[in-house]
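The structure appears below as structure tokens.
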Amino acid sequence: MMLTPSGPKTLEFNCRFGDPETQVILPLLESDLFEVMDATCDDKLDGVQLRFRDGTSAVGVVMASKGYPETSTKGCVINGLETVAKRQDHLVFHSGVAKNAAGEFVTNGGRVLINVVLQPNLRTAAALATAACSDVKFDGSQHRTDIAQKAFKHVNLSYKASGVDIDAGDALVQRIKPLARGTNRSGVLGGLGGFGGLFRLNDVTYTNAAGKNVRYQDPVLVQGTDGVGTKLKIAEAVNHWDSIGIDLVAMCVNDVLCAGAEPLAFLDYIACGKLDVPTAAMIVKGISEGCRESKCALLGGETAEMPSMYKAGKYDLAGYCVGVVEHDAILPRIDDITEGDLVIGLPSSGVHSNGFSLVNKILEVHGQKLTDVAPFSELGYSFGMELLTPTNLYIQSVLPVLREGHVKALAHITGGGLVENIPRVLPKDLSVEINASSFQILPVFGWLAAAGNVPDSEMLRTFNCGIGMVLIVPAGDKSWESLKVHGGCQIGRVTKRKSDKSPQVVVNNFTAAIAKASAPFESFRSKASISYKDSGVDITAGDDLVAKIKPLAKATTRKGCIGGLGGFGGLFRLKEAGSYKDPVLVLGTDGVGTKLKIAQQINAHGTIGIDLVAMCVNDILCNGADPLSFLDYYACGHLNVDVAADVVSGIANGCSQSGSALVGGETAEMPGMYARGSYDLAGFSLGVVEHDEMLPRTSTVVEGDVVIGLPSSGVHSNGFSLVHKVLEHAGVTYGDAAPFSATGKTFGQELLEPTKIYVKDVLPLLKQNLIKALAHITGGGLKENIPRILPNGLGVEIDAQNFHVSPIFGWLSKAGNIAEQEMLRTFNCGLGMTLIVAKQNAQSVLGELRSAGATLIGSIVKHTPKVPRVNVLNFPATLAKSQLTCSLPKKRIAVLISGSGSNLQALIDATRSTAFGIRGEIVFVLSNKNGVYGLSVRPTPGSAPK
């Protein structure tokens with residue numbers, strides 16, 4: 001007993017073997033306990049050095065009988081003891097335990113036993129000890145789930161601590177804004193920082209064949225996406241990022257050009273492990289240079305910092321271009337191509353951006369360093385600098401020729417080389433004969449052919465071999481001759497195809513031409529032949545994937561789509577989407593971040609594509625746009641066709657949900673950049689809106705307007721780096737049962753709940769002109785997304801009591817001890833989309849969105865400087881309630897139907913949705929009428945959730 005200023009205090013010291021405190025401490029003791037006790041009896045304890053296990057934590061969780069501490073239940077059979085005792089570093093100490101006549105362990109007291117676990121990490125020890133209590137079972141058992149939680153209070157996890165620096169992202173945006181502005185052209189609206197990039201189509205004019213400056217009368221939108229492959233490995237190795245962005249633009253705009261289109265706008269996606277602002281800014285500088293050269297506006301992009309998927313210093317890039325062409329000028333004009341037409345070639349600048357896995361393999365086999373002088377360099381440059389020569393952009397030289405109307409087809413020579421790209425623009429009954437002696441095979445290809453002993457057929461299938469773009473023009477046509485100053489020359493003719501099985505591209509004299517180019521490098525010739533497949537890229541697998549996903553894409557087709565997968569670009573005829581008088585194109589791009597890591601670890605890939613679509617279409621919806629089309633970028637180290645097809649099936653599902661057509665994509669197999677089983681995704685969405693219906697209508701937002709919230713389905717696709725960190729600290733895995741789950745799902749299953757797509761809920765309200773502004777709640781949460789749609793001088797006041805904070809956020813905040821403001825800045829916290837509407841329209845909007853779960857959450861208020869523009873009231877109390885929900889026992893619910901029970905299905909769905917946090921199961925339904933609807937949908941005992 002102690003007398004203190006605050007009153008008497010008692011210090012209890014437990015040292016009996018049956019005390020839980022002793023049972024936790026003694027397993028840590030390395031010294032011999034008998035020697036310690038003997039020394040105590042002999043008064044020699046001062047001579048004993050106590051030793052405990054270094055770097056080990058022990059946690060014990062007591063299991064008590066039913067009624068404890070008031071009463072105890074005896075004689076209940078205990079199962080699972082052997083299962084737990086067999087686990088490494090698991091101990092079970094018996095207290096109130098006895099054996100019955102059958103020799104079974106049974107309860108025999110209030111405090112029955114304690115599960116003790118020893119681990120290097122305290123959180124892991126606590127999690128495993130708590131989990132062991134679920135494996136030891138007896139009737140009426142009870143145990144605490146918060147053991148050791150007080151010890152974690154000093155750990156405050158944050159997004160930055162998980163490896164994602166939002167401030168670095170903001171700093172990058174400020175550095176690249178001037179670069180993007182420098183690419184502006186007629187038609188650009190706004191700048192970086194909005195939910196989507198905006199382009200006013202009526203501001204674009206061109207000079208037609210008659211020499212008149214006109215607007216597009218029947219515009220077809222042409223879209224292309226690509227990356228730069230393992231050329232990135234060279235940029236990383238030599239730390240030279242100046243030109244890789246030019247490659248990215250070139251690979252996309254050259255594809256769009258093949259449809260006869262003028263490039264209008266560009267988006268980029270940059271993924272990395274740790275965002276280095278100067279490096280990323282240098283990449284964007286190259287992108288802006290490529291955009292300026294091709295007169296293509298850089299309207300936006302996405303920078304994804306994913307520490308658990310990429311190592312520091314590692315990057316991947318994807319680009320997206322949209323262009324426009326008159327409907328009657330679309331290329332290729334396959335039906336017009338005839339025998340005798342000329343094949344014109346434009347020279348490449350080098351390897352461009354395809355075949356680099358084979359390039360890297362050849363360098364590796366020869367032990368060449370990228371800093372070594374390249375034997376094929378005329379100026380004595382290193383391998384690295386020569387191989388980083390940017391891809392040629394053909395827009396400025398070729399587009400004027402296309403305007404004259406004589407070109408029948410264009411083929412961008414990328415992966416697949418001459419022999420696989422030219423057939424994409426030919427009719428089945430025609431072929432092309434090319435004379436390899438009519439153009440220069442650059443020295444770099446001669447060195448590669450010799451050093452890799454690469455067969456002729458493999459060279460032609462992998463590399464451009466000196467020709468970057470091919471045109472097909474009528475015999476006798478002179479319009480192409482303006483290309484001679486750019487190195488253009490006739491390289492062949494269109495001929496009759498000999499049979500259906502004969503090749504459509506025959507390259508004559510190639511053996512002699514490549515031998516001549518290789519002659520200076522014969523000393524490098526490899527004994528063994530090296531192929532593209534040897535480098536880890538399987539073109540056949542890519543073809544198999546395309547065959548699998550074509551039906552998926554076809555199922556998403558909507559009015560306006562032209563053609564299908566397999567062309568150089570995805571085409572969409574705008575007039576078939578609606579009678580737009582002043583159309584504004586809205587472009588959006590995003591990824592799904594490290595949510596991918598969960599899909600990959602639990603091998604569940606079917607819904608991650610829905611997330612990809614949702615993140616893009618929800619963004620462009622915020623500008624009032626109707627999503628028209630979608631393209632995806634899928635990058636991996638080894639192409640698993642079944643996995644990729646599962647991912648694309650989810651993308652197609654998301655496209656169907658949003659009314660978007662899946663018109664194309666890019667699959668990049670990049671060995672050495674991604675581990676086997678790992679992949680990344682980027683998505684690109686294109687929508688359209690009338691100029692006078694664009695959102696946000698910031699000038700109309702006034703004090704007193706109301707804010708309506710639409711619920712999220714869960715974490716959606718932001719903040720997952722912090723989610724992974726929380727799970728790691730909590731010592732749980734994706735396969736463990738999630739305590740917040742309504743249906744007993746695992747963490748992995750719950751966290752993979754797809755991002756909600758709001759298009760079909762919100763689009764009808766946009767048509768009624770009832771919404772002033774929309775904010776998609778993504779990275780940055782409520783705090784950073786709503787201000788993007790507010791005018792100066794106004795802020796938002798939100799009451800957290802007016803929306804539901806899903807239990808998943810309660811669990812994350814408690815398990816990671818995440819500060820409330822960090823939660824609001826990182827996660828959506830239960831709201832996926834917010835709407836600003838006039839007060840007089842609030843009830844109409846709420847009525848329209850009742851089935852979507854809309855609630856009135858706040859209002860627009862005057863903003864005072866130095867005060868946050870988004871003030872969330874009562875959030876601590878609401879979050880605490882969400883935390884409590886996770887630990888509540890599941891209730892058995894009975895429902896009495898009055899009437900038909902038409903709302904019963906909605907109630908059943910709510911109990912089975914983790915987002916609602918009801919923590920109950922409907923087990924009984926009673927009605928005073930037979931045959932009513934509610935009885936037909938009532939759950940049956942043991943039925944599985946749908």
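- Annotation: the span from Leu198 atom CG to His691 atom NE2 amounts to 9.0 Å, rounded to 0.5 Å.
- Ring-plane geometry between Tyr734 and His724 is classed as perpendicular, the angle between the planes exceeding 60 degrees on a 0 to 90 degree scale with a lower cut at 30.
- Distance check, rounded to the nearest 0.5 Å: CG of Leu275 to CG of Asp167 gives 11.0 Å.
- Of all non-hydrogen atoms in Met823 and Ser813, the two that sit nearest each other are SD-CB, 3.7 Å.
- Heavy atoms only, all atoms of each residue included: Cys291 and Leu298 are closest at SG-CB, 4.1 Å.
- Panel note: side chain Asp611, backbone Thr755; a donor-acceptor pair is recorded below 3.5 Å.
- Looking at every heavy atom in both residues, Pro627 comes nearest to Ser660 through CB-OG, 3.3 Å.
- At least one side-chain heavy atom of Phe720 sits under 4.5 Å from a side-chain heavy atom of Ile598.
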Using the rule given for side-chain contact (heavy atoms from CB on, under 4.5 Å), can you reason through Asp242 versus Met282, listing the C-alpha separation, both sets of side-chain angles and the distance that settles it, and then say yes or no? CA-CA 6 Å; Asp242 300 57; Met282 191 64 70; 3.7 Å; yes
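- Between Val322 and Val256 the shortest side-chain heavy-atom distance does not fall below 4.5 Å.
- In this structure, Ile620 and Phe195 have side chains that are not in contact, with every pair of non-hydrogen atoms separated by 4.5 Å or more.
- Between the side chain of Ser243 and the backbone N or O of Leu388, at least one donor-acceptor pair lies under 3.5 Å.
- Leu751 is listed as a side-chain neighbour of Leu727, based on a closest heavy-atom distance under 4.5 Å.
- With Glu753 contributing its side chain and Ser713 its backbone, the two residues share no donor-acceptor pair below 3.5 Å.
- The two atoms that bring Gly654 and Ile610 nearest to each other are N-CG1, 4.1 Å, heavy atoms only.
- For the pair Asp632 (side chain) and Gly683 (backbone), a donor-acceptor distance under 3.5 Å is absent.
- For the atom pair Asp590 CG and His776 NE2, the distance stands at 8.0 Å (nearest 0.5 Å).
- Not a single donor-acceptor pair under 3.5 Å links the side chain of Asp226 to the backbone N or O of Gly319.
- Sorted by first then second residue, the side-chain hydrogen bond (donor to acceptor under 3.5 Å, both in side chains) pairs that include residues 276-291, not counting sequence neighbours, are Asp276-Thr279, Lys285-Glu289.
- Using a distance-only test at 3.5 Å, with no hydrogens or angles considered, no donor-acceptor pair links the side chain of Thr230 to the main chain of Lys233.
- Counting heavy atoms from C-beta outward, Leu722 and Leu812 have side chains that stay 4.5 Å or more apart.
- Between the CE atom of Met833 and the CG atom of Leu621 there is a distance of 5.0 Å, given to the nearest 0.5 Å.
- For Arg697 (side chain) and Ile771 (main-chain N/O), a donor-acceptor pair under 3.5 Å exists by modelled atom type.
- Side chain of Arg676 to main chain of Gly637: no donor-acceptor pair is present (N/O by atom type, distance under 3.5 Å, no hydrogens or angles).
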Glu236 and Tyr315: side chain to side chain donor-acceptor pair (under 3.5 Å), yes or no, with the steps? CA-CA 8 Å; Glu236 291 169 1; Tyr315 291 81; over 6 Å; no
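- Of all heavy-atom pairs spanning Val688 and Leu628, the tightest one is CG1-CD1, 3.7 Å.
- Residues Gly323 and Ala261 approach most closely at C-CB, 4.1 Å, considering heavy atoms.
- At distances below 3.5 Å, not a single donor-acceptor pair connects side-chain atoms of Asp680 with backbone N or O atoms of Tyr674.
- When each of Ile608, Leu612, Val647 is checked for a side-chain contact (heavy atoms from CB on, under 4.5 Å) with Leu596, only Ile608 meets the rule.
- The aromatic rings of Phe827 and Phe809 lie tilted to each other, with the angle between the two planes from 30° to 60°.
- Note that the CG atom of Leu782 and the CD1 atom of Ile798 stand 5.0 Å from one another [nearest 0.5 Å].
- Residues Gln657 and Val617 have side chains not in contact (no heavy-atom distance under 4.5 Å, counting atoms from C-beta outward).
- At least one side-chain heavy atom of Met615 sits less than 4.5 Å from a side-chain heavy atom of Asn718.
- Note: Tyr679 and Tyr634 have parallel aromatic rings, judged against thresholds of 30 and 60 degrees for the angle between ring planes.
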Any chance you could lay out the side chain to side chain donor-acceptor pair (under 3.5 Å) test for Arg788 and Asn785, step after step, and finish with the verdict? CA-CA 6 Å; Arg788 298 164 71 179; Asn785 283 290; 2.9 Å; yes
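- When side chains are defined from C-beta on, Glu302 does not count as touching Phe684, because their heavy atoms never get closer than 4.5 Å.
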Apply the test side-chain contact (heavy atoms from CB on, under 4.5 Å) to residues Val648 and Leu662: give CA-CA distance (whole Å), side-chain angles for both, the deciding distance (0.1 Å), then the verdict. CA-CA 10 Å; Val648 177; Leu662 178 57; 4.1 Å; yes
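- A distance of 13.5 Å separates CD of Glu293 from OG1 of Thr183, quoted to the nearest 0.5 Å.
- Distance alone, capped at 3.5 Å, places no donor-acceptor pair between the Lys295 side chain and the Gln396 backbone.
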